[in-house]
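All remarks here apply to the structure that follows.
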Amino acid sequence: MDLDAKIPSGPLAEKWNRHKFEMKLVSPANKRRYRIIVVGTGLAGSSAAASLAELGYQVEAFCYQDSPRRAHSIAAQGGINASKNYPADGDSIFRLFYDTIKGGDFRSREANVYRLAEVSGSIIDQAVAQGVPFAREYGGSLANRSFGGAQVSRTFYARGQTGQQLLLGAYSALSRQIGQGSVRMHARKEMLDLVLVDGRAAGIIVRDLVTGRISRHAADAVVLATGGYGNTFFLSTNAAGCNVTAAFRAYKRGAGFANPCFTQIHPTCIPVSGDHQSKLTLMSESLRNDGRVWVPRKQGDQRAPHEIPPEERDYYLERKYPAFGNLAPRDIASRSAKEVCDAGYGIGQSGLGVYLDFADAIQRLGEKTVRERYGNLFHMYQKITDENPYQIPMRIYPAVHYTMGGLWVDYNLQSTIPGLHVIGEANFSDHGANRLGASALMQGLADGYFVLPGTIGHYLAGITPGQVTTEHPEFGDVEKQVRDKIGKFFSSNGSRSPTSFHKELGKIMWDHCGMARTKAGLEEALRKIPELRDEFWKNLRVTGNGEELNQQLEKAGRVADFLEFGELMCRDALIREESCGGHFREEHQTEDGEARRNDAAFSHVAVWEHKGKEKVPQRHQEELKFENVKVAIRSYK
Amino acid sequence: MNWVGRLLTSSVGCKVLMAVTGAIMLFFLLGHVAGNLLVFAGADVINAYARGLRDYLPLLWLLRAGLLISFVLHVIAAIRLTRLSRRARPVAYQKQDLSGVSLNSRTMVLSGLVLLAFIIYHLAHLTFRLTHPAFASLDDYDVYSMLQISFQQPLLAFTYIISVALLMMHLSHGITSLFQTLGLNHTQYNGLIRCLGPALGLLLGLGFSSVPLAIMLRLLP
Amino acid sequence: MKLRLKIWRQKSQDSDGAFENYELDGVSSGMSFLEMLDFLNERLVSEGREPVAFDHDCREGICGACSLMINGAAHGPQQEVTTCQLHMRAFRDGDEICIEPWRSAAFPVLKDLITDRSALDRVMQAGGFVSVSTGGVPDANTIPVSKNLADLAMDAAACIGCGACVAACKNSSAMLFVSAKVSQLSLLPQGQPERGRRALRMVGQMDKEGFGHCTNTSACEAACPKHISVSHIARLNREYLKASLCGGEEELLSD
């Protein structure tokens, strides 16, 4: 597997500009002869599809939702980082670059991250020009806030709906192109496989989710913007439909999958309330600015929180991390919550929860101030739990939130398959082992607006447009495989629903490949998952048929891929014998429970290559070189 | 003139037409009720007023024509919009909770239809004098006697009062609605506008119904 | 708790539908409404019966995918929530719940409770944007916007495009949806150059899609999970009238 990242030469700050000059261009008159498929219409997909169409390419965009506006980028709350340095508090491109590299625990590529920081400012300009209603100061300039423990205020926001507003901005740009006929939008269409012709990405096979019709789509390049794989865990903050299918199909067709074990667990989510639970809801991280996290000192204490006197409470974050206290980083806060719950101190019926208490803040600041700061979050919490957080402490528990791993891409965002580009959360490129708050939106839009539209031209300029049509035998072969697989879902005639398998897989993943991982646990997961997969194919029941709107069939297809992908995650986690960022191996911690990285052995990207059915995938490495930052150890004591 | 066609055929433009014609009729009603109230000043005053109107015959006909056109356009627009909305929901809900929607706004078509019937009768009754043979013996401008004769019949008086009540309902939604339709709103005055419909509707209703009531209760000289 | 559910079932867009009744026992009050339907579906699948199809995705009230007319109210009996945020504690043991799809000529039913709301996308494609291409835009802070104006624009921009306004309106009017976008962009300086054209084109497309007209009943505002105000409809009317009556030549020339 060729893992040449194709990083341009020259000093870090000049690489992107130099590369822009060195890349081949497609002449304006020729652009309309090229057809590009974009799968997914979140921030990355919408912005890419719109920008490519504006340049003059023919674009075919696909999403499984009924409208491109519904992609899950819409749920991001907090904000978007950009190194504008509007507040003049010492921010710069280099500082955003450094924070991102360090936040990612030194497991990302310098050149990519620097470029991300470099174009971050343009994203804000673009969004404002589109009419995105960012928060403003009274003087009319843009407001900034500090987020996720950053030392500078570089986060732009639109109330608690920044993701929604940025997505609607990109969606409006996309809508304009659809209206003009330069993008053909295919909503409610799910990509089920990738077609390669002569080793290049040549198109996709798609199922119409309304009619069940399978269709072939050929193009000169394929762009995947299909998001992350957090739903492997069943319960996550992802939308119900988020899935790994497109990325995993690409992997099976030869694209390298990088760092699948890097998943981010968000510490402040509303805990699971019962078996019926279908998703977890995130509560903004900002709550930890004033809330105090605690559990009872007595195991299994069933008293109501106000009946537990202060001396019988364990404010464990303040106890363990006196300097950072309740503001300890996401991974540490999450892991600590798991530790106390595993030790039997958890609260609520399930014992999987800790208190986030605002009583002290209300006493100190008054309820009015607390309401001003967190009113909308408290309101949301109350809607879901029917408990008033002004009176009863919030119950929170960590949940899977974001996946840093993804399809491997080079500097041009091209995967190991020529012509297959991957953008946004679906690729692995910028966040290393841990993503900073307010950086996901930044990366999706940087890829879609400013990076891919340039780099894809470099690829296209080297090929002749329109060479492959859907009549090519490869399309026939892949389509047949897709049809056979759909047929197989109906043939087992078992008794269990796809969801029941998904839940079971999620439990295995959460128990063994969640916040803290061990060799023994991962090995157990690697034993259990294939067993579950066997049962899936023997005992699955999918009602209805394939020629109609069939949500059970959609679900079965996604679960089938999760069942294989989960194994890859565990495999990756097992081999990475270190703790870094979102990946914590209990064997690799310091005496006081901190993550211990192993730079000598693991300062690389692990890239997995599919070797065929029932064969062990091969692990490759892309070594990471740090020439501009000093590799350091994170400490939050 | 393309834009006129586009404006009038669009749903928003059609509503604007409703609003403008409604407003014209509202102004007429304000004048009408002011004239009616003269009845309380006695037979001489109101009859003189009726005679006085005829002195400006061209102007009167101009007003009548404007009113007629407004009325016809209002009805045409209403028919068009009602058909549009029927088409927009071909399958009705099994259950629809309309508790949050005011009765007045829901019954605009109904109150409008009743008013249409009422207006036809009203014209036949007092303008063309076709309903009461007794009117034949009266002087051309003896409005006072016509009213006395008519509203001493309780059935007719009640019919008028009920029609006026429906007019009140129609106006309380219609007046507020016409501001919204013409885009005349402002946070500062929205509260006022919301009250204006019901308030003006009520005033007009009281004004109009006071005449038959007063006659029925023999409060007039 | 135990519920009696009366749910609209329809095989496909072309087929006729009908209500079917289901008895569902074991519903817990902590379930969200959609989790209750998941629960029903798991039971139906285990009995080998066809589960109920319904639209949903984020399940946290922001994507706008979920819909449902619940006992005659769009997104159910509570104010300012989407169906996915509605919890079963809003109902009582033994309740009968009638569940219908959005009903509108512009939203044909695709299956059971799923409707096709792409008409809203087409309205957006007609003009719900600022025509700027990627790159070549001024620095963000060179476009000052007063805080109040930005807040007002944000109020309108909060629309999630779920279609509850259309569903709740007795005329199936999409005016609240259209006005939210027109309002957002007409308030901001970025939206000025295309202001009139946008209003004309979006309303034109809205009519073409077969939505009804607005009778100012405010039912849409009451049903809107994001509580978008009908004052935006007044602004749309104003924009539309202004563009029609005294728009610049460019507006008269545009289709």
Side-chain angles (χ1 to χ4, degrees), chain A residues 50-51 54 65-67 69-70 72 74-75 84 86 124-126 128-131 133-142 158-159 161 164-165 168 172-173 175-176 178-179 187 210 239-241 273-274 276-279 281 383-384 386 449 453 495 497 499-500 541 543-544 548-549 551-552, chain C residues 12 28 30-32 34-35 38-39 42 45-46 48-51 53 55-60 62-65 81 85 87 89 110-111 114 116-118 120-121 124-126 128-134 137-141 143-147 150 153-154 157-158 161 184-185 188 190-191:
Chain A
S51 304
E54 285 160 8
Q65 296 91 344
D66 69 325
S67 162
R69 68 180 289 157
R70 308 213 196 279
H72 200 55
I74 207 158
K84 281 278 195 190
Y86 281 158
I124 306 301
D125 298 340
Q126 189 62 37
V128 167
Q130 289 167 343
F134 281 121
R136 300 272 172 170
E137 304 291 353
Y138 277 102
S141 57
L142 289 153
R159 293 205 187 134
Q161 291 126 280
Q164 180 201 24
Q165 293 310 312
L168 293 182
S172 72
S175 295
R176 175 171 156 242
I178 298 170
V210 178
S273 68
H276 53 75
Q277 189 107 12
S278 61
K279 88 153 270 154
T281 303
K383 264 195 295 205
I384 293 173
D386 202 27
Y449 282 133
S495 61
S497 72
T499 305
S500 73
R541 172 184 275 171
T543 51
E548 60 175 0
L549 197 161
Q551 293 178 315
Q552 296 293 312
Chain C
S12 68
S28 87
M31 286 180 179
S32 74
L34 297 185
E35 283 164 358
D38 289 342
F39 182 59
E42 285 297 299
V45 171
S46 73
R49 292 160 77 189
E50 179 92 349
D55 258 327
H56 64 98
D57 204 21
C58 80
R59 298 204 172 197
E60 51 183 290
I62 193 76
C63 76
V81 292
Q85 294 171 303
H87 282 71
R89 53 180 165 267
L110 297 176
K111 182 172 186 174
I114 296 182
D116 176 0
R117 286 168 287 185
S118 54
L120 298 180
D121 286 314
M124 293 294 263
Q125 287 152 20
F129 46 76
V130 174
S131 295
V132 288
S133 294
T134 303
V137 296
D139 182 87
N141 255 352
I143 309 173
V145 180
S146 88
K147 184 179 184 311
M154 182 62 215
Q184 178 203 343
L185 295 177
L188 296 171
Q190 300 92 307

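Proteins come first, then strands; the chains are lettered A, B, ... in the order of their sequence lines, and each starts at number 1.
A donor-acceptor pair under 3.5 Å is formed between the side chain of C/Gln184 and the backbone N or O of A/Gly131.
Annotation: maximal heavy-atom pairing with chain C below 4.5 Å, among A/Glu548, A/His72, A/Arg541, occurs at A/Arg541. For chain A, the option among C/Leu185, C/Val137, C/Leu188, C/Val81 with the highest count of heavy-atom pairs below 4.5 Å is C/Val137. Ranked by heavy-atom pairs under 4.5 Å with chain C, the list A/Ile384, A/Thr281, A/Val210 is led by A/Ile384. Interface summary for chain A: among C/Ile114, C/Leu110, C/Ile62, the most heavy-atom pairs under 4.5 angstrom belong to C/Ile62. For the options C/Ala157, C/Ser46, C/Ser118, heavy-atom pairs under 4.5 Å to chain A are most numerous at C/Ala157. Most heavy-atom pairs under 4.5 Å with chain C: of the set A/Gly139, A/Pro453, A/Ser278, this distinction falls to A/Ser278. Between chain C and the residues A/Ser273, A/Gly179, A/Ala129, A/Ala75, the largest count of heavy-atom pairs under 4.5 Å involves A/Ala129. Your options are A/Val128, A/Asp66, A/Asp386, A/Asp125, and the one with the most heavy-atom pairs under 4.5 Å with chain C is A/Asp125. For the options C/Gly48, C/Gly191, C/Ala158, C/Ser131, heavy-atom pairs under 4.5 Å to chain A are most numerous at C/Ser131. Options C/Ala153, C/Ser12, C/Pro144, C/Gly128 differ in how many heavy-atom pairs under 4.5 Å they form with chain A, and the most are formed by C/Pro144.
The minimum heavy-atom distance between C/Cys63 and A/Arg70, with the atom names listed, is O-NH1, 3.0 Å. Considering all non-hydrogen atoms of both residues, C/Gln125 and A/Ser175 come closest at CG-O, 3.4 Å.
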- Might you work through the side chain to side chain contact (heavy atoms under 4.5 Å, CB included) test for C/Asp38 and A/Thr499, ending with a clear yes or no? CA-CA 9 Å; C/Asp38 289 342; A/Thr499 305; over 6 Å; no
- Task: Give the intermediate values and the outcome of side chain to side chain contact (heavy atoms under 4.5 Å, CB included) for residues A/Lys84 and C/Asn141.
- Result: CA-CA 10 Å; A/Lys84 281 278 195 190; C/Asn141 255 352; over 6 Å; no
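For chain C, the nearby parts of A/Gln126 are the backbone and the side chain; heavy atoms of each come within less than 4.5 Å. The part of A/Phe134 that comes within reach of chain C is its backbone (N, CA, C, O), which places non-hydrogen atoms under 4.5 angstrom from that chain. The contact between C/Asp139 and chain A is made by backbone and side chain atoms together, counting heavy-atom distances below 4.5 Å. Heavy-atom distances place no part of C/Leu34 under 4.5 Å from chain A, backbone and side chain included. The parts of A/Gln130 that come within reach of chain C are both its backbone and its side chain, each placing non-hydrogen atoms under 4.5 angstrom from that chain. In this structure, chain A has heavy atoms under 4.5 Å from both the backbone and the side chain of C/Ala150. Using a 4.5 Å cut-off between heavy atoms, C/Ser28 contacts chain A through its side chain alone, with no backbone atom that close. For C/Arg89, the part sitting under 4.5 Å from any heavy atom of chain A is the side chain, from C-beta outward, and nothing else. The contact between C/Ile143 and chain A is made by backbone and side chain atoms together, counting heavy-atom distances below 4.5 Å. For chain A, the nearby parts of C/Ser133 are the backbone and the side chain; heavy atoms of each come within less than 4.5 Å.
For the salt bridge (Lys or Arg N to Asp or Glu O under 4.0 Å) test, residues two or more places apart in sequence or in another chain that qualify with A/Arg176 are A/Glu54. With sequence neighbours excluded, the residues forming a salt bridge (Lys or Arg N to Asp or Glu O under 4.0 Å) with C/Glu60 are A/Lys279, listed by chain and number.
A/Arg69 CZ to C/Asp121 CG: the interatomic distance, rounded to the nearest 0.5 Å, is 7.5 Å. The distance from the CD atom of C/Glu35 to the CD atom of A/Gln277 is 5.5 Å, given to the nearest 0.5 Å. Atom OG of A/Ser500 and atom CD of C/Glu42 lie 6.0 Å apart (nearest 0.5 Å). Summarising the geometry, atom CG belonging to C/Asp57 is positioned 11.0 Å from atom OG belonging to A/Ser67; distances are rounded to the nearest 0.5 Å. In this structure, the separation between NE2 on A/His276 and CE on C/Met31 is 5.5 Å, given to the nearest 0.5 Å.
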